[in-house]
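Right, one structure below, let's go through it.
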Amino acid sequence: MNAYTIAQDTYAALGVDTEAALQRLAATPISLHCWQGDDVGGFEKVGGELGGGLAVTGNYPGKARSIVELRADLEQAYALIPGRHRLNLHACYADFSGGKVDRDALTTTQFQSWIDWAKANGLGLDFNPTYFAHPKADDGLTLTHQDAGIREFWIEHGKACRRIGAEMGRQLGSTTVTNLWIPDGSKDLPADRKAPRARLEASLDAVFAEKIDPKLHLDAVESKLFGIGSESYVVGSHEFYLGYAIKNQILCCLDAGHFHPTENLSDKISSVLQFVPEILLHVSRGVRWDSDHVVLLDDPTLALMQELVRGDFLGRTHIGLDYFDASINRVAAWVIGTRNSLKGLLLALLEPYAKLREFETAGDFTSRLALIEECKSLPWGLVWDEHCRRQNVPLGAAWLDVLKTYEKQVLSTRG
Ligand code: RNT
Ligand code: ZN
């Protein structure tokens with residue numbers, strides 16, 4: 001008997017079909033965030049600060065300096081992650097080899113090389129307008145700016161990105177989720193909390209006015225509790241976007257770092273999905289605050305994945321990652337965070353949920369707790385290894401050797 005068969009039998013005794021779990025795991029894509037590869041820099045070269053309250057710390061050598069390098073790094077990462085996944089692009093990663101345009105004038109032209117690359121690599125694409133790192137976002141206000149001209153510029157950017165997203169979805173035959181996040185807020189106590197929110201709703205209505213086939217493209221809006229420079233007030237709060245998404249039946253994007261540290265995304269899913277059609281996740285790890293650390297196989301990540309499986313929400317959830325760590329090998333950061341997300345999902349898929357629910361319905365909370373804890377020492381690692389074997393990626397920590405070689409041969413040659 002091989003190791004996987006032993007695990008299969010162990011789980012079968014609990015009523016869990018490991019083959020079904022592996023199938024579901026293989027069919028669930030994770031959208032890797034392009035911005036882990038170059039510290040949210042992008043290749044526009046508009047100069048100046050990252051801004052928007054985003055902060056990437058660390059100076060590990062080997063950061064991607066061009067689209068070509070970023071794609072090479074991504075290809076290396078995907079080769080070490082089991083399954084078929086997606087790429088989540090930001091508008092500031094536009095390809096300007098055919099000429100530069102400002103953000104309000106972006107079209108598919110600047111993203112065609114990404115689409116071609118995605119097609120060649122069997123990846124779906126997701127997209128984000130970039131409302132930071134731009135002279136017109138220098139005072140930290142975009143869609144809520146008092147100046148109608150600045151609002152108009154950013155509305156045009158949002159519209160342009162939705163069209164590009166739809167074209168990505170069409171060319172790749174895979175729905176693109178375009179997620180809108182803005183940094184707008186205020187460092188100190190605002191006198192007027194109302195007017196910026198009214199402006200935000202009006203701006204969003206303008207951005208989303210054009211109807212787009214949901215098979216090609218879906219819209220998501222991402223809330224935040226606070227940011228650096230918006231400690232006292234964030235216009236796009238959770239209540240704001242939850243209301244907006246429900247009213248307009250678009251997607252809520254839930255970022256694991258965007259709530260009070262004692263709150264967990266896992267408890268939000270079943271409430272939000274009661275009222276919006278689908279959600280987008282930014283799987284992340286906040287350490288004391290929205291610090292965007294690399295995702296671990298920790299309790300919050302596991303609880304999040306369990307919730308998706310227990311509630312049968314996977315079909316209505318788009319899983320993306322959002323963190324940026326420049327203090328370790330950036331390609332490894334992708335691999336570690338994605339593999340951990342997938343491990344969490346596998347653990348959730350292997351849970352004897354029917355049994356847990358039975359205990360719960362019968363009021364036997366003792367057995368419920370006992371079984372939840374016993375599951376932690378079941379041989380799920382053998383099932384994970386089987387997944388890696390079937391998906392042709394290195395087993396265990398062997399991926400690290402491949403990455404060390406890549407670091408030596410490629411990353412270390414970058415100045
Ligand atoms: C910022 C949001 C947002 C960004 C990316 C780069 O707090 O989490 O998702 O991280 O758009
Ligand atoms: Zn996010």
Side-chain angles (χ1 to χ4, degrees), residues 30-44 49-57 64 70 86-94 103 125-134 137 140-143 154 157-158 161 164-165 176-185 219-231 233-238 240-242 245 251-261 263 265 268 272 279-295 300-301 304 317-326 330 333-334 337 341:
I30 308 265
S31 201
L32 271 72
H33 49 317
C34 71
W35 53 93
Q36 164 57 42
D38 74 328
D39 312 341
V40 207
F43 303 115
E44 280 177 316
E49 299 273 293
L50 175 56
L54 302 170
V56 186
T57 49
L70 187 64
R86 306 176 62 82
L87 177 68
N88 193 9
L89 259 190
H90 237 288
C92 59
Y93 290 76
R103 290 198 193 155
L125 285 178
D126 296 303
F127 200 42
N128 305 259
T130 308
Y131 287 104
F132 50 83
H134 188 282
L141 299 170
T142 61
L143 289 177
W154 289 116
H157 178 54
C161 287
I164 295 164
T176 291
V177 179
T178 296
N179 176 52
L180 185 149
W181 173 76
I182 58 167
D184 301 35
D219 293 298
V221 283
E222 180 180 8
S223 68
K224 191 162 174 168
L225 177 65
F226 87 100
I228 301 173
S230 63
E231 290 85 354
Y233 173 65
V234 171
V235 187
S237 62
H238 182 52
F240 180 91
Y241 282 126
L242 183 61
L251 279 63
C252 253
C253 170
L254 301 173
D255 183 311
H258 286 195
F259 296 89
H260 189 279
E263 288 185 74
L265 286 199
K268 301 182 185 298
V272 174
I279 54 170
L280 168 66
L281 295 179
H282 275 185
V283 183
S284 189
R285 174 169 54 112
V287 177
R288 303 185 192 280
W289 67 291
D290 180 30
S291 58
D292 290 286
H293 279 62
V294 178
V295 170
T301 305
L304 173 60
T317 304
H318 304 261
I319 307 175
L321 305 174
D322 184 12
Y323 53 80
F324 17 93
D325 191 339
R330 292 172 185 77
W334 267 319
S341 303

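Every number for a ligand or one of its atoms is a count from 1 in the order of the listing.
Between the ND1 atom of His282 and the OD2 atom of Asp322, the angle centred on the Zn ion (ligand 2) amounts to 100° when rounded to 10°.
When side chains are defined from C-beta on, Cys92 counts as touching Arg103, because their heavy atoms get closer than 4.5 Å.
In terms of the side-chain hydrogen bond (donor to acceptor under 3.5 Å, both in side chains) criterion, His238 has no residue partners (sequence neighbours excluded).
Looking only at N/O/S atoms, Glu222 comes nearest to the Zn ion (ligand 2) through OE2. Closest approach between the Zn ion (ligand 2) and any N/O/S atom of Asp255 involves OD2.
Of the possible donor and acceptor atoms, one in the side chain of Thr176 sits under 3.5 Å from a partner among the backbone N and O of Leu125.
No hydrogens or angles considered: a donor-acceptor pair under 3.5 Å links the side chains of Asp184 and Thr142.
The immediate protein surroundings of ligand 1, defined as residues with any heavy atom under 4.0 Å of it, consist of Trp35, Leu54, His90, Trp181, Glu222, Lys224, Asp255, His258, His282, Asp290, Asp322, Phe324.
Considering every non-hydrogen atom in both Ser230 and Gly185, the closest pair reads CB-CA, 3.9 Å.
A distance of 8.0 Å separates NE2 in His157 from CD1 in Ile164, rounded to the nearest 0.5 Å.
Tested against Tyr93 for a side-chain hydrogen bond (donor to acceptor under 3.5 Å, both in side chains), the candidates Asp38, Asn128, Thr130 yield a single pass: Asp38.
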